[in-house]
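These notes are about the structure you will find just below.
Given the structure is predicted, the values throughout are model-derived calculations rather than measurements.
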Amino acid sequence: MADSIHSTSSQGCITGQDHLLPIANVGKIMKQALPPSAKISKEAKETMQECASEFIGFVTGEASERCRKEKRKTINGEDVLCAFKTLGLDQYADVMQRYMHKYREHAEKSTLEKHDKSIQIDITDELSILRRDHTSNNDKRDRNFF
């Protein structure tokens, strides 16, 4: 984490923390899931920063493999959706599918109305469903474990 090498090779390759999400953004996302009075240690933010960055790389690698097999160069939402499913992350795939549906609806509506093309979709409901389902599944797993 904090001991990562912080350098860039002469060929411009990314090394060290250059591949990580900005720690301030990670901290903001973490804060949203906590009560207002909660605090987050630097170590917790750095750990989450590395985990989130690794997760993105892991899913992107799987999506990229699908593109390579299909001789395409551009990863799209369907590739990410398939990557989630291939990796056994079906709950994320379900949320992603709902997000993509809303995104496409909004994009189609914007095209028809010829308004501002910037798209911002609130997926808070989908994420809370995912958290609730995850908590419910953990409770079931814990009951079955003991």
Side-chain angles (χ1 to χ4, degrees), residues 1-2 4-6 8-9 11-36 38 40-145:
M1 284 169 290
S4 298
I5 299 170
H6 306 285
T8 303
S9 73
Q11 298 157 341
C13 295
I14 296 172
T15 59
Q17 289 194 334
D18 291 339
H19 73 284
L20 299 176
L21 296 168
I23 194 126
N25 294 0
V26 172
K28 287 177 187 175
I29 293 168
M30 291 173 75
K31 276 289 227 186
Q32 291 174 357
L34 298 172
I40 306 168
S41 72
K42 181 179 177 185
E43 179 186 26
K45 289 178 190 175
E46 289 173 348
T47 301
M48 186 61 73
Q49 177 190 38
E50 287 199 20
C51 290
S53 299
E54 183 67 25
F55 177 78
I56 291 167
F58 186 59
V59 174
T60 302
E62 188 64 37
S64 177
E65 183 62 23
R66 180 175 188 235
C67 287
R68 187 189 63 74
K69 287 177 182 175
E70 295 179 4
K71 296 180 175 32
R72 293 184 291 114
K73 292 184 178 182
T74 303
I75 295 172
N76 60 38
E78 291 295 330
D79 297 320
V80 175
L81 183 65
C82 287
F84 283 143
K85 290 178 181 179
T86 300
L87 296 168
L89 303 169
D90 295 333
Q91 288 179 315
Y92 290 101
D94 293 343
V95 171
M96 176 79 175
Q97 194 155 21
R98 288 193 296 272
Y99 171 80
M100 285 174 34
H101 178 72
K102 284 183 178 182
Y103 179 89
R104 288 175 181 151
E105 278 182 346
H106 186 79
E108 185 177 306
K109 184 178 175 182
S110 291
T111 301
L112 292 173
E113 295 176 358
K114 297 191 183 209
H115 283 296
D116 180 24
K117 295 201 179 196
S118 64
I119 298 174
Q120 184 173 357
I121 300 170
D122 184 10
I123 60 167
T124 307
D125 293 339
E126 284 79 5
L127 293 175
S128 63
I129 291 168
L130 179 63
R131 284 189 196 108
R132 186 180 62 236
D133 289 348
H134 179 71
T135 303
S136 164
N137 288 341
N138 282 345
D139 290 346
K140 289 176 188 173
R141 186 185 70 228
D142 291 345
R143 276 183 258 143
N144 292 335
F145 181 75

- prompt: How long is the span from the CD1 atom in Ile56 to the SG atom in Cys51, to the nearest 0.5 Å?
  reply: 11.5 Å
message: Can you pull out every ring-ring contact (aromatic ring centres under 6.0 Å, His included) where at least one residue sits in residues 41-82? Sequence neighbours excluded, please.
response: Phe55-Tyr92
Heavy-atom donor-acceptor pair, Ser64 side chain to Thr60 backbone, under 3.5 Å: no
message: Give me the atom names and distance for the closest heavy-atom approach of Ala63 to Ile75.
response: CB-CG2, 3.8 Å
field: Pairwise distance NE2(His19) to CD(Gln49) - rounded to 0.5 angstrom
entry: 8.0 Å
- line: Heavy-atom closest pair (Ala52 atom, Leu21 atom, distance to 0.1 Å) is CB-CD1, 3.8 Å
task: Identify whether the distance between the nearest side-chain nitrogen and carboxylate oxygen of Arg68 and Glu65 falls below 4.0 Å.
output: yes
Pairs flagged by side-chain hydrogen bond (donor to acceptor under 3.5 Å, both in side chains) wherever residues 78-88 is involved - sequence neighbours left out: Arg66-Asp79, Arg72-Asp79, Glu78-Arg104
query: Could you walk me through whether His101 and Glu105 pass the side-chain hydrogen bond (donor to acceptor under 3.5 Å, both in side chains) check?
result: CA-CA 6 Å; His101 178 72; Glu105 278 182 346; 2.9 Å; yes
message: If I compare all heavy atoms of Val59 with all of Leu89, which pair ends up nearest, and what's the gap?
response: CG2-CD1, 4.5 Å
Under 3.5 Å, side-chain donor or acceptor atoms of residues 27-35 against the rest of the protein: list the pairs with distances, not counting sequence neighbours.
{"residue": "Lys31", "atom": "NZ", "partner": "Ala38", "partner atom": "O", "Å": "2.8"}

field: From Glu62 atom CD to Cys67 atom SG, the distance as rounded to the nearest 0.5 Å
entry: 11.0 Å
field: Flag if over 12 foreign heavy atoms under 6.0 Å of CD, Glu70
entry: yes
field: Atom pair NZ/NZ of Lys45 and Lys42 - distance to nearest 0.5 Å
entry: 10.0 Å
Distance (rounded to the nearest 0.5 Å) between Leu20 CG and Met48 CE: 13.5 Å
- prompt: Rounded to the nearest 0.5 Å, how far does CG of Leu81 lie from CG of Asp90?
  reply: 9.5 Å
